Amino acid sequence: MKLAIVGTGYVGLVSGACFAEFGYETVCIDKDETRIQSLKLGKCPFYEPGMDQLLYKHLNNTKLLSFSISLSESMKDADLVFITVGTPSRRLDDDADLSYVWSVANEIGKNIKKYCVIVTKSTVPVGTSKEIKKIISNVVSKDLFDVVSNPEFLREGSAIDDFMRPDRVVVGSDNARSEKIMKELYRPLYLKETPVFSTSIATAEIIKYASNSFLATKIGFINEVSDLCEAVGADVQDVSKAMGIDQRIGSKFLNAGPGYGGSCFPKDVKAFSSTAKKFNIDLSIINAVDKSNQNRIKKISNKIIKNIDNESLISFLGLSFKPNTDDIRESSSIKLAMLLNQKGYKINCFDPAAMENSKKEFINFNYFDSAYEACKNVDAIVIGTEWNEFRALNFYEISKIVNKKKIFDLRNIYDGAELERLGFEYYGTGK
Ligand code: NAD
């Protein structure tokens with residue numbers, strides 16, 4: 001099978017490289033020429049563990065992977081064409097902005113010359129794949145294509161492993177021919193006993209939003225419980241641990257922190273609720289989760305402000321929305337740093353991977369080459385992202401270079417008692 005993948009972001013590029021690893025000839029297409037030029041040289045446009053090696057292998061050794069800006073050229077031999085473009089929130093409301101998806105669908109329609117399966121891998125509201133089918137069938141016979149929904153569940157930071165060893169694959173289709181092709185595509189995973197769920201197209205589209213919204217709900221829930229713990233002197237980490245051991249609950253996504261961020265949860269929660277509204281369904285739980293998450297940054301900033309002096313210099317350790325990625329979209333750490341900066345506090349910062357992305361957008365912060373340098377002469381330290389390299393910082397050394405010994409551990413990665421022995425005022429989350 002030959003594959004064409006449209007959009008070389010986190011999902012498109014990881015899917016492309018992993019499909020090449022399965023043994024498929026894969027061409028990845030993007031309209032961003034600079035991105036394609038550097039990909040042709042093997043340079044991954046973002047930080048993702050293992051990507052550089054996988055790109056190198058399939059560009060230079062197997063030669064199964066190639067890059068192009070031309071969809072028409074790339075579609076000539078393709079048996080499957082994947083749509084992996086972004087679906088951000090629209091500016092004026094909570095709906096998903098589907099303009100990139102519609103644009104690709106139109107282009108695909110113009111270039112279909114032989115039968116192929118169009119795969120919607122972008123996260124799209126229920127009904128979108130049906131609309132894609134309509135757009136394409138306006139310009140080409142329905143016999144020449146099928147549309148299927150195949151939502152992606154990979155996580156940035158562990159994307160390759162997630163793609164190669166997923167908990168499940170979801171395939172929504174409306175006929176046996178396309179379903180069979182999709183099953184064949186994922187046969188390498190099927191051999192590893194990965195469950196492949198065949199559903200209707202609408203069901204597949206909802207599975208993705210329901211999954212992300214449920215995970216966001218777990219985070220929102222434990223964050224509110226952490227507020228109560230803080231108020232009564234209980235420890236949310238112990239609460240999470242004891243809850244998580246219960247197999248009906250599970251321990252993942254049950255860590256209190258500064259609220260969820262990233263390029264998926266915030267927009268998907270909003271879009272899920274907005275889609276439901278169009279069908280007169282009120283997803284009241286999801287609405288509350290969104291509201292609670294939006295209030296989170298303000299709550300945390302109030303807690304910090306209450307415990308530091310005016311005009312303090314604050315060091316932020318971690319800028320990416322989570323560890324092992326350079327993605328800063330909707331990063332809670334950056335939102336908090338921005339809010340404090342707007343209130344007049346000066347911000348020093350360091351992140352192991354996201355400095356370049358952050359420098360382009362947030363010019364008011366002072367950037368340093370290491371956590372230690374970012375902490376020199378500061379009045380407070382905020383651990384915003386739980387990178388592994390922040391888990392064993394030498395706080396004895398840090399205690400000698402800071403101006404005031406205060407630490408706000410938003411991710412609860414330190415033992416407060418140990419830091420207090422070094423003279424730090426320690427503020428964990430929910431304890
Ligand atoms: P991204 O913004 O990182 O990348 C999108 C790419 O598509 C960009 O490089 C852009 O130039 C390209 N593009 C846009 N229009 C194009 C066109 N007409 N032709 C060719 N290329 C075009 O996006 P992403 O983070 O990879 O997310 C893609 C989709 O996958 C979204 O719907 C997202 O919700 C979903 N998703 C993302 C993740 C994740 O962890 N990032 C996980 C699962 C699902």
Side-chain angles (χ1 to χ4, degrees), residues 4-18 27-39 43-49 51 67-75 81-90 95-111 118-125 128-129 132 135 149-163 166-170 204-205 207-209 211-213 215-216 260-272 320-331 357:
I5 297 186
V6 192
T8 61
Y10 291 86
V11 167
L13 194 53
V14 171
S15 304
C18 290
V27 50
C28 293
I29 302 110
D30 207 291
K31 63 178 184 182
D32 180 340
E33 286 197 49
T34 329
R35 180 170 277 234
I36 290 298
Q37 283 314 325
S38 73
L39 278 167
K43 287 192 191 132
C44 184
F46 47 82
Y47 174 82
E48 180 62 42
M51 267 312 283
F67 295 99
S68 172
I69 51 162
S70 166
L71 182 60
S72 57
E73 273 302 305
S74 310
M75 270 188 64
V81 182
F82 290 79
I83 301 177
T84 58
V85 294
T87 50
S89 265
R90 273 205 312 224
D95 281 349
D97 175 356
L98 295 174
S99 53
Y100 302 110
V101 173
W102 303 145
S103 153
V104 174
N106 274 305
E107 232 188 304
I108 289 175
K110 284 186 221 147
N111 289 294
I118 315 302
V119 185
T120 318
K121 211 175 225 328
S122 296
T123 302
V124 293
T128 304
S129 299
I132 292 173
I135 291 173
S149 166
N150 172 217
E152 182 51 56
F153 297 92
L154 64 77
R155 295 161 299 173
E156 288 172 26
S158 54
I160 295 172
D161 204 49
D162 288 347
F163 195 95
D167 291 334
R168 75 322 207 172
V169 170
V170 173
E205 288 171 334
I207 288 170
K208 174 65 193 177
Y209 279 100
S211 304
N212 274 4
S213 299
L215 295 173
Y260 58 77
S263 67
C264 293
F265 285 7
K267 76 169 175 68
D268 291 350
V269 163
K270 286 182 199 306
F272 197 29
S320 54
F321 85 93
K322 66 173 184 173
N324 296 326
T325 181
D326 60 357
D327 197 345
I328 56 166
R329 289 178 282 185
E330 299 285 320
S331 156
N357 284 341

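Any value given below was found using the heavy atoms of this structure, including those in side chains, with hydrogens, waters and symmetry copies removed. Both counts, for ligands and for their atoms, begin at 1 and track the order of listing. Everything numeric here is computed off the predicted structure, so don't read it as measured data.
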> What is the minimum heavy-atom distance between Gly157 and Glu48, and which atoms define it?
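For Gly157 and Glu48, the tightest heavy-atom pair comes out as N-OE1, 2.8 Å.
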
> Between Ser68 and Ile36, what is the shortest heavy-atom contact and its length?
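Between these two residues, the closest heavy atoms are O-CD1, 3.6 Å.
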
> In terms of atom number and element, which parts of ligand 1 are under 4.0 angstrom from non-hydrogen atoms of Val104?
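Listed by number with element: 17 (C), 18 (N).
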
> I'd like to check which ligand 1 atoms, numbered from 1 as shown, lie under 4.0 Å from a non-hydrogen atom of Glu152.
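This gives 43 (C), 44 (C) as the contact atoms.
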
> Return the closest protein heavy atom for atom 30 (O) of ligand 1 as residue, atom name and distance.
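The closest heavy atom on the protein side is Val11 CG2, 3.4 Å.
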
> What residue and heavy atom of the protein are closest to atom 7 (O) of ligand 1, and at what distance?
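For this ligand atom, the closest protein heavy atom is Gly7 CA, 3.4 Å.
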
> Could you tell me which atoms of ligand 1, counted from 1 in the order shown, lie closer than 4.0 angstrom to a heavy atom of Arg329?
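Under 4.0 Å from Arg329, ligand 1 has these atoms: 1 (P), 2 (O), 3 (O), 25 (O).
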
> Exactly one of Thr325, Asp162, Asp161 should register a side chain to side chain donor-acceptor pair (under 3.5 Å) with Arg155. Which one does?
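Going through the options one by one, the only one that passes is Asp162.
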
> Report yes if Asp32 has an N/O atom closer than 3.5 Å to an N/O atom of ligand 1; otherwise report no.
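By distance alone, the answer is no.
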
> OH of Tyr100: more than 12 outside heavy atoms within 6.0 angstrom?
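No, not enclosed.
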
> Which residue holds the protein heavy atom closest to atom 41 (N) of ligand 1, what is that atom called, and what is the gap in Å?
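Nearest protein contact, heavy atoms only, for atom 41 (N) of ligand 1 is Glu156 OE2, 2.8 Å.
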
> For atom 35 (C) of ligand 1, state which one of Thr123, Leu13, Leu154 supplies the nearest heavy atom.
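The nearest heavy atom belongs to Thr123.
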
> For ligand 1, which atoms, with element, lie under 4.0 Å from some heavy atom of Val6?
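Every atom of ligand 1 under 4.0 Å from some heavy atom of Val6: 19 (N), 20 (C).
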
> Find all atoms of ligand 1 within a distance of less than 4.0 Å from any non-hydrogen atom belonging to Tyr100, and give their numbers and elements.
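Result: 14 (C), 15 (N).
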
> Would you kindly specify which portion of Lys208 sits under 4.0 Å from ligand 1, judged on non-hydrogen atoms: side chain, backbone, both or neither?
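Side chain only; the backbone of Lys208 stays clear of ligand 1.
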
> So which atom in Thr123 and which in Lys208 form the shortest heavy-atom distance, rounded to 0.1 Å?
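Here Thr123 and Lys208 meet closest at OG1-CE, 3.4 Å.
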
> How close does the nearest protein non-hydrogen atom get to atom 13 (N) of ligand 1, and which residue and atom is it?
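The closest one turns out to be Val85 CG1, 3.6 Å.
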
> Side chains of Glu205 and Ser129 only: does a donor on one sit below 3.5 Å from an acceptor on the other?
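Yes, a side-chain donor-acceptor pair sits under 3.5 Å.
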
> Counting N and O atoms only, with roles assigned by atom type, does the side chain of Arg35 sit under 3.5 Å from a partner on the main chain of Thr8, one being a donor and the other an acceptor?
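Yes.
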
> Applying a 4.0 Å heavy-atom criterion (strictly less than), which segment of Ala159 is in contact with ligand 1: side chain, backbone, both, or neither?
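Ala159 to ligand 1: no contact under 4.0 Å from either part.
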
> Suppose we measure from atom 9 (O) of ligand 1 to each protein heavy atom; which comes out shortest, and what is that distance?
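Heavy-atom neighbour on the protein nearest atom 9 (O) of ligand 1: Asp30 OD2, 2.6 Å.
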
> Which ligand 1 atoms are under 4.0 Å away from a heavy-atom of Arg35?
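Atoms satisfying the 4.0 Å criterion: 9 (O).
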
> With sequence neighbours excluded, what pairs up with Asn324 under the side chain to side chain contact (heavy atoms under 4.5 Å, CB included) test?
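For Asn324, the residues satisfying side chain to side chain contact (heavy atoms under 4.5 Å, CB included) (neighbours in sequence not counted) are Pro49, Trp387.
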
> Please check this pair: side chain of Lys322 against backbone of Glu156, looking for a donor-acceptor N/O pair closer than 3.5 Å.
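The answer is yes, because a donor-acceptor pair under 3.5 Å joins these two groups.
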
> Among protein heavy atoms, which sits nearest to atom 5 (C) of ligand 1, and what does the distance come to when rounded to 0.1 Å?
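I find the closest protein heavy atom is Gly86 N, 3.7 Å.
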
> Counting only heavy atoms, which portion of Ser122 has something under 4.0 Å from ligand 1: side chain, backbone, both, or neither?
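Ser122 to ligand 1: contacts from backbone and side chain alike.
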
> Considering non-hydrogen atoms of the protein only, which is the closest contact for atom 34 (O) of ligand 1, and what is the distance?
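I find the closest protein heavy atom is Lys267 NZ, 2.7 Å.
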
> Is there at least one pair of N or O atoms, one from Thr84 and one from ligand 1, spaced under 3.5 Å apart?
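No, since none of the N or O atoms of Thr84 sits under 3.5 Å from an N or O of ligand 1.
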
> What protein heavy atom sits nearest atom 21 (N) of ligand 1, and how far off is it?
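Going by distance alone, atom 21 (N) of ligand 1 is nearest to Lys31 N, 3.3 Å.
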
> Show which atoms of ligand 1 fall inside a sub-4.0 Å distance from at least one heavy-atom site of Thr87.
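In order of number, 31 (C), 32 (O), 34 (O).
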
> So Phe265 and Tyr260, would you call those rings parallel, tilted or perpendicular, with 30° and 60° as cut-offs?
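Taking Tyr260 first and then Phe265, their aromatic rings stand perpendicular (interplane angle over 60°).
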
> Sub-3.5 Å donor-acceptor pair from the side chain of Ser103 to the main-chain atoms of Ser99, do we have one?
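No, the answer is negative, given that no donor and acceptor are paired below the 3.5 Å cut-off.
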
> Output the list of atoms in ligand 1 that are nearer than 4.0 Å to some heavy atom of Ser103, sorted by atom number.
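So the answer, numbered in order with elements, is 18 (N).
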
> My understanding is that only one of Val11, Val6, Ile83, Thr128 makes a side chain to side chain contact (heavy atoms under 4.5 Å, CB included) with Ser122; could you say which?
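So, applying the side chain to side chain contact (heavy atoms under 4.5 Å, CB included) to Ser122 and each of Val11, Val6, Ile83, Thr128, only Ile83 qualifies.
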
> Can a donor-acceptor pair be found, under 3.5 Å and without considering hydrogens, that links the side chain of Asn150 to the backbone of Val119?
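Not a single qualifying donor-acceptor pair exists.
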
